2 protein chains.
Amino acid sequence: MKSDHHRSPMGLTKNQTLVFGALSHAEGPLSAYAILDQLRDKGFRAPLQVYRALDKLISLGLIHRLESLNSFVACQHPECDDRESMVFAICEICGKVSELADDSLENQIKTLAKRNGFSMKTCAIELRGHCRDCRPN
Amino acid sequence: MKSDHHRSPMGLTKNQTLVFGALSHAEGPLSAYAILDQLRDKGFRAPLQVYRALDKLISLGLIHRLESLNSFVACQHPECDDRESMVFAICEICGKVSELADDSLENQIKTLAKRNGFSMKTCAIELRGHCRDCRPN
DNA sequence: ATGGCATGTGTTATAATGTAACGCAATCGA
DNA sequence: TCGATTGCGTTACATTATAACACATGCCAT
């Protein structure tokens, strides 16, 4: 374990640990400013402290950004470092987000791209609808 | 053709026509504020004028919102009113966006959602990578 | 070991994106 | 004709995101 600054358990710095913790314990996605507000009493004062930690956590694959919500969630899978395509199901009623996985889908999309002369690197898929709990049929 | 206000060719109002025109003639996606700037000399003064037109055009299926870019593009298909899943390929080099279509993909995603107890209503898919022109191999 | 580099931090200020709330006007339909 | 709907214009504001600067820490190649 290579340590830079003062690092905590997973090799994260203090700020990164705090931001990751906030997202891990949240019921649903959090905006950067919601995280900032939660962490004010831990010494956070400015949005950049949050955004910088978020950038790092994303690059580590520990969290994901929900483009259509301008917010962030902790990764729900043990290991999705290597995955290029995320699928998020966003419930329009309760606001909760679940992260789906389907490798064949990823391949299919990549193939669709290639057929159109596009070399895909990453892919974000965000569904809107109703989750099981909010539409129990 | 039902006319409300002063309507132009396609049943659009003046503001909607101007905004749609700006997007139609653009090389790539435009942000709301980029549209606003283009239309200042047509009398546009405030972001809401743009956003309201955008909302309407989106609901008509004439344009799409790119969630990961906070910007907008004119629809490239003659008719995609009915389509629920859009696929956009965003070139990270030239910034151009192409709109792909694949019905089987839409079904596959919907099925994936259903397997996870999620009833999908709409879906946004945004790819990042290199387009044909920017990576000609 | 030391000097340069990469990374992380803290701060202030500002940019970019998006809405709320008000009043008004035009059209449609019962 | 009157109420509902839709659109317009405006002011003010909320939310989301970065730029720029100064400094600290650990790595590592010389």
Side-chain angles (χ1 to χ4, degrees), chain A residues 1-20 22-23 28-60 62-73 95 124 126, chain B residues 1-20 22-23 28-60 62-73 95 124 126:
Chain A
M1 161 179 167
K2 25 184 50 183
S3 62
D4 267 73
H5 261 255
H6 320 284
R7 309 240 124 152
S8 290
M10 320 174 58
L12 300 178
T13 66
K14 174 168 153 283
N15 285 3
Q16 290 159 14
T17 304
L18 288 166
V19 169
F20 183 56
L23 284 171
L30 296 179
S31 73
Y33 281 76
I35 296 171
L36 175 57
D37 287 340
Q38 280 196 23
L39 297 181
R40 284 206 191 276
D41 54 357
K42 311 279 189 189
F44 274 55
R45 318 273 288 154
L48 258 195
Q49 296 174 287
V50 178
Y51 281 109
R52 292 199 274 223
L54 288 170
D55 286 345
K56 184 63 178 182
L57 293 167
I58 288 171
S59 78
L60 293 173
L62 292 174
I63 68 171
H64 304 295
R65 177 191 174 91
L66 293 167
E67 301 291 352
S68 67
L69 292 177
N70 293 324
S71 55
F72 305 85
V73 286
E126 300 184 13
Chain B
M1 160 178 166
K2 23 185 50 182
S3 63
D4 268 72
H5 263 256
H6 319 284
R7 310 239 123 152
S8 290
M10 321 174 55
L12 300 178
T13 66
K14 173 167 153 285
N15 284 4
Q16 290 159 14
T17 304
L18 287 167
V19 169
F20 184 57
L23 284 172
L30 295 179
S31 74
Y33 281 75
I35 296 170
L36 176 57
D37 287 339
Q38 279 197 22
L39 296 180
R40 284 205 192 278
D41 54 357
K42 310 280 189 188
F44 274 53
R45 317 273 289 157
L48 259 195
Q49 295 174 288
V50 177
Y51 281 108
R52 290 200 274 226
L54 289 171
D55 286 346
K56 184 64 177 181
L57 294 168
I58 288 171
S59 77
L60 294 173
L62 293 174
I63 68 172
H64 303 295
R65 178 191 176 91
L66 293 167
E67 302 291 352
S68 67
L69 292 177
N70 293 325
S71 56
F72 305 85
V73 286
E126 301 183 13

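Keep in mind it's a predicted model, so treat the numbers as computed, not measured. Sequence lines set the chain letters: A, B, ... in the order given, protein chains first and strands last, and positions in each chain run from 1.
When the side chain to side chain donor-acceptor pair (under 3.5 Å) test is applied to Asn70(B), the partners found at least two apart in sequence or on another chain are Arg65(B). Under the rule for a side chain to side chain donor-acceptor pair (under 3.5 Å), the partners of Glu126(B) that lie at least two apart in sequence or sit in another chain are Ser68(B). Residues satisfying the side chain to side chain donor-acceptor pair (under 3.5 Å) test with Ser71(A), not counting sequence neighbours, are none.
Of the two residues near DNA chain D, Asp55(A) and Ala53(B), the one whose nearest nucleotide lies more 5' is Ala53(B).
Rounded to 10 degrees, the angle separating the terminal helix axes of the helix from dA1(C)-dT30(D) to dA30(C)-dT1(D), each built from five base pairs, is 40°.
Within residues 38-49 of chain A, the residues that place at least one heavy atom under 4.0 Å from DNA chain C are, in residue-number order, Arg45(A), Ala46(A), Leu48(A), Gln49(A).
Here Gln16(A) contributes atom CD and Leu62(A) contributes atom CG; the two are 9.5 Å apart, rounded to the nearest 0.5 Å. A distance of 13.5 Å separates NZ in Lys14(B) from CG in Leu12(B), rounded to the nearest 0.5 Å. Leu66(B) CG to Leu30(B) CG: the interatomic distance, rounded to the nearest 0.5 Å, is 10.5 Å.
Atom OH in Tyr51(B) sits about 18 Å away from atom C1' in dA21(C), given to the nearest Å. The CG atom of Leu57(B) sits 13 Å away from the C1' atom of dG7(D) (whole-angstrom rounding). For the pair Leu30(A) CG and dT16(D) C1', the computed distance is 15 Å after rounding to whole Å. In this structure, Ile35(A) atom CD1 and dT15(D) atom C1' are separated by 14 Å, rounded to whole Å. Rounding to whole angstrom units, CD of residue Gln16(A) and C1' of dT7(C) are separated by 10 Å. Between the C1' atom of dC8(D) and the NZ atom of Lys14(B) lies a distance of 9 Å, rounded to the nearest Å. Straight-line distance from the CG atom of Leu36(A) to the C1' atom of dA14(D): 15 Å, rounded to whole Å. Protein atom CG of Leu54(B) is 15 Å distant from nucleotide atom C1' of dG7(D), rounded to whole Å.
Closest to the side chain of Asn70(B), out of dA17(D), dC8(D), dT17(C), is dT17(C).
The shortest distance between the side-chain N/O atoms of Arg65(B) and the OP1/OP2 oxygens of dT17(C) is not below 4.0 Å. For the pair Thr13(B) and dC8(D), the criterion of a side-chain N or O lying under 4.0 Å from OP1 or OP2 is met. The side chain of Lys56(B) contributes no N or O atom lying less than 4.0 Å from OP1 or OP2 of dT6(D).
Considering only heavy atoms from C-beta on, Ile63(A) stays 4.5 Å or farther from Val19(A) through its side chain.
Checked by distance alone, Arg52(A) brings a side-chain donor or acceptor within 3.5 Å of a matching partner on the base of dG10(C). Counting distance only, with no hydrogens placed and no angle test, the side-chain atoms of Tyr33(A) and the base atoms of dA17(D) include a donor-acceptor pair under 3.5 Å.
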Show every donor-acceptor pair shorter than 3.5 Å between a side-chain atom in residues 40-58 of chain A and any protein atom, with sequence neighbours excluded, or say none if there are none.
| residue | atom | partner | partner atom | Å |
| --- | --- | --- | --- | --- |
| Arg40(A) | NE | Asp37(A) | OD1 | 3.3 |
| Gln49(A) | OE1 | Arg45(A) | N | 2.7 |
| Gln49(A) | OE1 | Ala46(A) | N | 2.9 |

